[in-house]
Amino acid sequence: MTNQDLRRQDQLRSLRIGHLTTIDASLFFLLRTELEAAVSEGYTVFGLSAPGTWVSELEGLGIHHVPISNLTRAWKPQADLRAALELRRKLRALDLDVLHTHTPKAGVIGRVVGRICGVPIIANTCHGLPYTNLDPKKKRLAIKLIEALAAQFSDIEFFLNSEDMYTMRRFTRRKNPMLMGNGTDLDRFTF
């Protein structure tokens with residue numbers, strides 16, 4: 001390995017990566033494998049969410065939890081504004097290289113606030129658009145429009161299912177959308 005390769009490896013290992021969700025349970029149950037892999041690679045990993053009962057478990061894995069006390073799962077304009085201002089303050093102090101947002105509300109607020117704060121790379125994972133075909137058409141349209149607006153603030157959009165990627169394709173085309181998939185490894189769970 002050359003000295004240049006070693007320097008590059010050191011630069012990668014010193015990356016500061018933040019994962020934003022609304023609640024700590026999402027960090028622990030949905031993203032734990034991803035967070036643990038980043039820690040094992042030597043990255044500095046931050047989990048940003050409302051504080052809860054899973055914070056100590058996350059910190060035990062080497063993840064630095066950053067509480068966003070005003071962040072809730074419910075959409076409430078005044079509380080959401082307080083959460084956005086709190087997130088802005090915390091992101092500026094963290095000086096992240098990458099902000100990866102997850103969950104609908106954290107994804108919307110995080111992409112916008114992350115860009116405002118100058119985080120160099122903003123990624124979002126759509127874990128599923130938060131509506132069903134039984135919801136009123138106005139609600140479905142509003143969600144699509146909000147997601148489309150928020151996607152303009154990210155560098156890359158990941159999708160767990162092809163239907164959501166197809167639905168959002170015209171808004172994420174320039175964001176290099178990627179289908180990650182999501183499912184159960186059937187080879188691992190044989191009977």
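Residue numbers count from 1 along this sequence. Computation of the quantities below employed the complete heavy-atom set of this structure, encompassing side-chain atoms and omitting hydrogens, waters and symmetry-equivalent molecules.
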Does a side-chain heavy-atom distance below 4.5 Å link H19 with L35?
yes
Pairs where residues 62-80 contributes a residue and the test salt bridge (charged side-chain N to carboxylate O under 4.0 Å, His left out) is met, not counting sequence neighbours:
D80-K105
Any donor and acceptor pair, going by atom type alone, linking the side chain of R16 with main-chain N or O of L94 inside 3.5 Å?
yes
Tabulate below the donor-acceptor pairs under 3.5 Å that side-chain atoms of residues 117-126 make, not counting sequence neighbours, or state none.
{"from": "N124", "atom 1": "OD1", "to": "T101", "atom 2": "OG1", "distance (Å)": "2.7"}
{"from": "N124", "atom 1": "ND2", "to": "E157", "atom 2": "OE1", "distance (Å)": "3.0"}
{"from": "T125", "atom 1": "OG1", "to": "H100", "atom 2": "NE2", "distance (Å)": "2.6"}

With sequence neighbours excluded, residues passing salt bridge (Lys or Arg N to Asp or Glu O under 4.0 Å) with E57:
none
Basic-acidic side-chain contact under 4.0 Å: R115, D155
yes
For R140, which residues count as a side chain to side chain contact (heavy atoms under 4.5 Å, CB included) partner, sequence neighbours excluded?
Y131, N133, D135, K137
K90 side chain vs I68 backbone, donor-acceptor pair below 3.5 Å
no
Does R88 use its side chain to pair, donor to acceptor, with the backbone of V113 at less than 3.5 Å?
no
I'd like to check the salt bridge (Lys or Arg N to Asp or Glu O under 4.0 Å) partners of R92; sequence neighbours left out, ordered by chain and number.
none
Enter the distance from I63:CD1 to L48:CG here, rounded to the nearest 0.5 Å.
11.5 Å
Inter- and intrachain pairs under ring-ring contact (aromatic ring centres under 6.0 Å, His included), touching residues 58-89, at least two apart
F46-H64
